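To start, the structure itself, in structure tokens.
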2 protein chains.
Amino acid sequence: MEEIDRAIVGALTADGRLSYTVLAERVGLSVSAVHQRVRRLEQRGVINGYTAVVSYEALDLPLTAFVAIRPFDPSQPDDAPERLRHLAEIDSCYSVAGEDFYLLLVRVASPADLERLLQEIRTAANVTTRTTVVLSTPYENRPPRIADTD
Amino acid sequence: MEEIDRAIVGALTADGRLSYTVLAERVGLSVSAVHQRVRRLEQRGVINGYTAVVSYEALDLPLTAFVAIRPFDPSQPDDAPERLRHLAEIDSCYSVAGEDFYLLLVRVASPADLERLLQEIRTAANVTTRTTVVLSTPYENRPPRIADTD
DNA sequence: GGTGAAAATTCATTGAT
DNA sequence: ATCAATGAATTTTCACC
């Protein structure tokens with residue numbers, strides 16, 4: 001990816017609602033050229049969409065935790081991500097190397113809700129869980145440095 | 001937060017570039033009423049901003065890992081998040097309960113870059129690290145269910 | 001790939017209810 | 001808090017380089 005595309009991606013990760021006018025000024029191109037480049041970045045899958053960044057506290061989900069899971073019976077087919085997908089409290093699901101099979105990031109309203117969620121995870125995916133509660137989040141989901149990829 | 005605000009937040013987490021016109025249709029309000037509500041949600045800090053969702057593979061950051069860190073000397077003042085903030089490869093930093101002090105989510109181009117990053121983390125914050133490599137990401141950063149908070 | 005300009009749409013304010 | 005109306009700004013498409 002070349003310089004202008006990197007500048008565009010950088011600007012849109014910092015502010016996903018930037019207008020094409022401002023974007024064009026910032027990268028030194030015409031509005032339509034920028035527009036076309038953004039379209040292409042979206043088509044190529046470099047940009048996968050846009051989201052509002054929300055405060056989980058404001059949404060009454062103040063409790064974040066990591067849940068490491070392991071199958072109760074390792075000989076069974078492993079389809080935990082699909083079995084857990086319906087649980088809206090699960091923010092992210094990572095398949096990991098190491099002792100655990102998956103690492104989940106979950107967000108709930110209270111310890112009681114965390115307890116309920118863990119029970120649901122265990123029964124839905126037939127797994128054991130090891131949970132690490134997040135006490136605070138110094139920073140999260142920072143925009144990546146856009147590297148020289150040409 | 002009441003029903004319409006929840007609908008607005010839900011819609012904007014799903015598509016952060018939705019126009020106020022479409023948003024207004026979707027929640028059954030006039031454009032200006034929706035506009036005002038979004039303003040208020042932003043002011044109240046429910047919505048903290050907007051970002052483009054980028055593909056880390058496309059940005060040449062295909063390797064994701066979790067890095068658990070512990071101070072080498074637990075009697076020293078603990079300011080690891082600040083000491084590590086300048087490392088752009090660190091996506092997120094969580095202060096956690098449990099054996100570790102912090103859990104970092106990092107994104108790098110290669111194992112060699114991960115090795116370099118771990119050395120930087122250790123020297124910058126005077127910590128030991130335990131790293132868990134992510135093999136695949138079934139899902140990540142899913143929009144939260146917008147709860148009934150009234 | 002890029003430009004510029006026209007047409008359609010949307011934004012953002014205002015004032016009334 | 002909501003609405004309708006307005007001018008300003010933006011998005012989107014198109015012909016051409």
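What you see is a predicted model; the values in this text were computed from it and never measured. Per chain, numbering begins at 1; letters A, B, ... match sequence-line order.
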Side-chain touch B/Y139/A/L84, heavy atoms, less than 4.5 angstrom: yes

Separation of atom OH in A/Y20 from atom C1' in D/dT13, rounded to whole Å: 13 Å

Gap between atoms CD and C1', on B/E25 and D/dC3 respectively (whole Å): 16 Å

Euclidean distance, atom CD of residue A/Q36 to atom P of C/dA5 [Å, nearest integer]: 18 Å

Salt bridge flag under 4.0 Å for residues B/R107 and B/E140: yes

Distance test, side-chain N/O of B/S30 to OP1/OP2 of D/dA4, below 4.0 Å: no

For atom CD of A/E2 and atom P of C/dG1, their distance in whole Å: 8 Å

Candidate nucleotides D/dT12, C/dG2, C/dA12, ranked by approach to the side chain of A/H35 - the nearest: D/dT12

Nearest to side-chain heavy atoms of B/L29, which nucleotide of D/dT2, C/dG2, C/dC11: D/dT2

Interatomic distance, B/R39 CZ vs C/dT14 P [rounded to whole Å]: 11 Å

Closest to side chain of A/S19, choosing from D/dC3, C/dC11, D/dT11: D/dT11

Distance, rounded to the nearest Å, where A/R40 contributes CZ and C/dG2 contributes P: 6 Å

Integer-rounded Å distance: D/dT12 C1' and A/R37 CZ: 18 Å

Candidate list A/L117, A/I90, A/T131, test side chain to side chain contact (heavy atoms under 4.5 Å, CB included), partner A/V67, passing option: A/T131

Any donor-acceptor N or O pair under 3.5 Å, side chains B/Q36, B/R40: yes

Nucleotide D/dT11, atom P - distance to CZ of B/R17 in whole Å: 6 Å

No-H, no-angle donor-acceptor pair, B/S32 side chain to D/dA4 base, under 3.5 Å: yes

